[in-house]
There are 2 protein chains.
Amino acid sequence: MTYAIGEVAKMLNLTIYTLRYYDKEGLMPFVERTPSGTRVFKESDVEALKIIECLKSSGMPLKNIRYFIEWCSQGDCSLQQRYDMFIERKAVVEAQMNELKKTLEIIDYKCWYYKTALEAGTENVHKTKDAEDCAQQQVHSMQDRQ
Amino acid sequence: MTYAIGEVAKMLNLTIYTLRYYDKEGLMPFVERTPSGTRVFKESDVEALKIIECLKSSGMPLKNIRYFIEWCSQGDCSLQQRYDMFIERKAVVEAQMNELKKTLEIIDYKCWYYKTALEAGTENVHKTKDAEDCAQQQVHSMQDRQ
DNA sequence: GTAATTCCTAGAGGTGGCTCGAGGTCAATT
DNA sequence: AATTGACCTCGAGCCACCTCTAGGAATTAC
């Protein structure tokens, strides 16, 4: 089973432009063509594109993804590099998750802050209390929600 | 206690260029100046910048962060908008965390894939088995690690 | 008092990642 | 035979987000 670029775009939720751009950037050297030049995507090509999407959403720039793709076509001699790369990606993604967790904590605090301000009708409800008071109140509000 | 732009840059791990750029983009209308034009950051300005950083790392574009800053200077009439914005941010960040979790699962699989390939000396160890075999093996390898 | 450091503005330049328009090919349908 | 629609290339344009340079002013250290 093979796919045309439009089908692949739909499957991966990308535009045709993006796929062609990736090809131009050397991310899809494996995709074959018909004699007239139309790209023909194999099942394995779609799988490779999913890995590319995975690396992309791990925050890896396209340039570096291209190096990985090059390693892949070099065979077993690049296994160590590829392993190291995924280990590094793992660390990066875990760091990102920790960052997001911190971000979420601040956002949760702000949700509480504005919720109580709305209830009071004014933000002054917070400005008149000191920071420790606020933290206290937040803890209680958090517990109430459980 | 007040700070100069260079101190704030160090505190927030940003460059002076970035801070000035944010100012140019209307993200810091609250920062005052000395008669000679030098920016003077108050403690509360640094706190506001931390919220800006929080919104930024939640994936919010600077343009939208500016709207939030404008709302802040409009007082209590914009409380609802600000609350809604943080509720929306919460959803966005939670979605991002779910995305990252999926990404991490694929990366974990790939770490296992390359680890076993390295042990075998060749990637063929995976190519000769079918996908279900691989999944099985992965599950075992995962359990071994616990 | 002069040298070093830090600040300022305006505006140009750069990177990453697309996004699109023009002009053309090809295969299938009417 | 003509139309439709999906494909192609090339190159320009665009958006977000900085990043830096030039030219200048103010402050601090010796």
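Each chain gets a letter, A, B and so on, in the order the sequences are listed, and its residues count up from 1.
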To the nearest Å, how far apart are A:Asn13 CG and C:dC18 P?
-> 13 Å
Rounded to the nearest Å, what distance is computed from the CG atom of residue B:Leu19 to the C1' atom of nucleotide C:dC8?
-> 14 Å
May I ask you to verify if any side-chain N or O of A:Arg20 is less than 4.0 angstrom from the OP1 or OP2 atom of C:dG17?
-> no
Single-linkage hydrophobic cluster A:Leu14~A:Met11, side-chain heavy atoms < 4.5 angstrom | yes
Would you mind reading off the distance between B:Met28 atom CE and C:dT9 atom P, rounded to a whole angstrom?
-> 10 Å
When the nearest nucleotide of DNA chain D is assigned to B:Lys63 and to A:Arg33 on a heavy-atom basis, which residue is associated with the more 5' position?
-> A:Arg33
Are A:Lys24 and A:Tyr21 in a cation-pi setup, meaning NZ or CZ lies under 6.0 angstrom from the ring centre and within 45 degrees of the ring axis?
-> no
Without placing hydrogens or testing angles, list every side-chain donor-acceptor pair under 3.5 Å for residues 65-75 of chain B, not counting sequence neighbours.
residue: B:Arg66; atom: NE; partner: B:Glu70; partner atom: OE2; Å: 3.4
residue: B:Ser73; atom: OG; partner: B:Glu70; partner atom: O; Å: 2.9

Starting at atom CG of A:Asp23, determine the distance to atom C1' of C:dT19, rounded to an integer number of angstrom.
-> 16 Å
Want to settle it: does A:Thr18 or B:Lys10 sit nearer the 5' end of DNA chain C, counting the closest nucleotide to each?
-> B:Lys10
Which pairs with one or both residues in residues 28-54 of chain A pass ring pair (Phe, Tyr, Trp, His ring centres under 6.0 Å), sequence neighbours excluded?
-> none
Atom CE of A:Met60 and atom C1' of C:dG17 are separated, to the nearest Å, by 16 Å
C:dA27 P sits how many Å from A:Ile5 CD1, rounded?
-> 17 Å
So which one's nearest nucleotide on DNA chain D is more toward 5', A:Lys24 or A:Arg39?
-> A:Arg39
Carboxylate-amine/guanidinium proximity below 4.0 Å for B:Arg33 and B:Asp23 | yes
In whole Å, what is the span from the OH atom of B:Tyr17 to the C1' atom of C:dG13?
-> 13 Å
Specify the separation, in whole Å, of atom CD1 of B:Ile16 and atom C1' of C:dC7.
-> 8 Å
Positional range of nucleotides in DNA chain D within the contact set of chain B, heavy-atom, under 4.0 Å | D:dA16 to D:dA26
Ion pair present between B:Glu105 and B:Lys110, side-chain N to carboxylate O less than 4.0 angstrom?
-> no
Using a strict cut-off of less than 4.0 Å between a Lys/Arg side-chain nitrogen and an Asp/Glu carboxylate oxygen, indicate whether A:Glu53 and A:Lys50 qualify as a salt bridge.
-> no
